[in-house]
Protein chains: 2
Amino acid sequence: MDENRHSLTELAQIAMMLEVCASRKPGNVDRCHDYPDTWLEHFLASSIYCRPALELAERGEGSVGELIRQATMLTGKHRGGNTHFGAFILLIPLIMGGSVQGACRIIRNTTIDDALQFYDAFAHTAVRVHETDELDIHDPAIADKLRERGMNLFDVMAYSAHNDMVAREWTSGFSLTRVAADLLLDENKGRSSIPGVFLRLLAQEPDTFIAKKFGNLAAEQVRDQARSVLSGQESLQELDEFCIREGINPGSLADILIAGIFIALCEGWEWDQ
Amino acid sequence: MDENRHSLTELAQIAMMLEVCASRKPGNVDRCHDYPDTWLEHFLASSIYCRPALELAERGEGSVGELIRQATMLTGKHRGGNTHFGAFILLIPLIMGGSVQGACRIIRNTTIDDALQFYDAFAHTAVRVHETDELDIHDPAIADKLRERGMNLFDVMAYSAHNDMVAREWTSGFSLTRVAADLLLDENKGRSSIPGVFLRLLAQEPDTFIAKKFGNLAAEQVRDQARSVLSGQESLQELDEFCIREGINPGSLADILIAGIFIALCEGWEWDQ
């Protein structure tokens, strides 16, 4: 046992832990805020429970879809609902590939079976499905449709990219993940940078998880409020309190932040300097 | 991969996570309080990093002293100093034995080599050594002394039991661990019980970690203040603020609380009901 080596699995777990602890993150569960049914401890338990699936990804055993499904099912051992489904969509290929470039190769080579496994995982989460979505995960004929169209998991993500920013990371070469990682690496101030990086992601693009729950206008309003906080016209506390009052949680950006922290850790960023 | 089974390793990690998040715990790191050099995240990272050693314990591979040493060295990957050394002294035999009764058999059969491995781990932590301690861990002749006296790790714990309540758990059949587990099981209210159980431990016995740093009187004073909180004469917040101001952290009782949460989880207690 090499007591000093950090495995990619551990770095991913540390990224999940650091993201959820970082405070304040407007509207999201953090060190200072639980939702009634989803707590800090649910996210932390999730980061512990998922390890066997992340280890398989690190050893290259199993396919992307299968491992996203396994990680999601493992985290279902707690009662806090969906905690890291979006994060696994990013972390599993990043771990398998060992880098953004490696992940891009991996996701290009996914199969229809990966897509089916992904839909199976999706059906087990409490993630709200876009009501107009033609590829409805509750549609028993989904397998036939995917086969007919010859859609692998990359194609499914491309299909969803217009209204799902986690899916868009697959088609954009993990561009926001890269932005988050670079902000952490450039600032080089450890965990204290994380809330500021989250705010900058929030100011950059409307969170599609908010858009799915409350519509595009609500997501754009939160983006604009984040810009107001950055320019000093509004306080972070006000934005956080507004989001919590309205039940607005920018969950997709939190998933991307996890991936960004993971990449930064892989590239030598130190969280506790 | 059985996606519903909880391994003992995972239950131990969940116990470590739940303990450190639980707030308020007077004087200790918790969800609402860091020390300048030791943060919530250090304890959580420690609960992630230690997993390989806990897994070996669960598989019965390795000796008690060796695995306490390995777990301690693994958690040294963060920069927060000693986080869970005391907890591992309890968790490793409890995991190896699968229960309090099993752990009691395991610790009776430890060897001189276990004692040497333990001292090696001890030397790597920032734990303050009792200055009058004759078996000084920095004494290069410690191995000879242990061999001369024929002391195994159980004997070392018995030797330390008068001034170390974690060691005393070994000689008392994990009596305070059992008290904590029974309080959690009886109350049956999940994570919300944890701060109250900590307070009751604090009111029951003077914490020996406080005694080592500040003397017996200080430890007894904190015990008496915890009793005042229980009887409503003092507020929990006052006690917490007093401890933080004075740098008084009841670290040994936190270690025992982790072991108690672990045993409760093993016996069916549900933290997120």
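Below, read A as the first sequence line, B as the second, and so on, with proteins coming before strands; counting in each chain starts at 1.
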CE of B:Met17 to CZ of A:Phe43, rounded to nearest 0.5 Å, is 12.0 Å
To check you understand the geometry: which heavy-atom pair defines the closest contact between [X] and [Y], and what is its length?
X: B:Arg79; Y: A:Asp272; result: N-OD2, 2.6 Å
X: B:Cys21; Y: A:Glu41; result: CB-OE2, 3.7 Å
X: A:Trp271; Y: B:Trp39; result: O-CZ3, 3.9 Å

Do you know which of A:His78, A:His42, A:Arg51, A:Gln273 has the most heavy-atom pairs under 4.5 Å to chain B? A:Arg51
Highest number of heavy-atom pairs under 4.5 Å with chain B among A:Arg191, A:Glu270, A:His6 belongs to A:Arg191
Interface moiety of A:Asp37 toward chain B, non-hydrogen atoms closer than 4.5 Å: neither
Which of these passes side chain to side chain contact (heavy atoms under 4.5 Å, CB included) with B:Ile48: A:Leu44, A:Thr9, A:Ile14, A:Leu11? A:Ile14
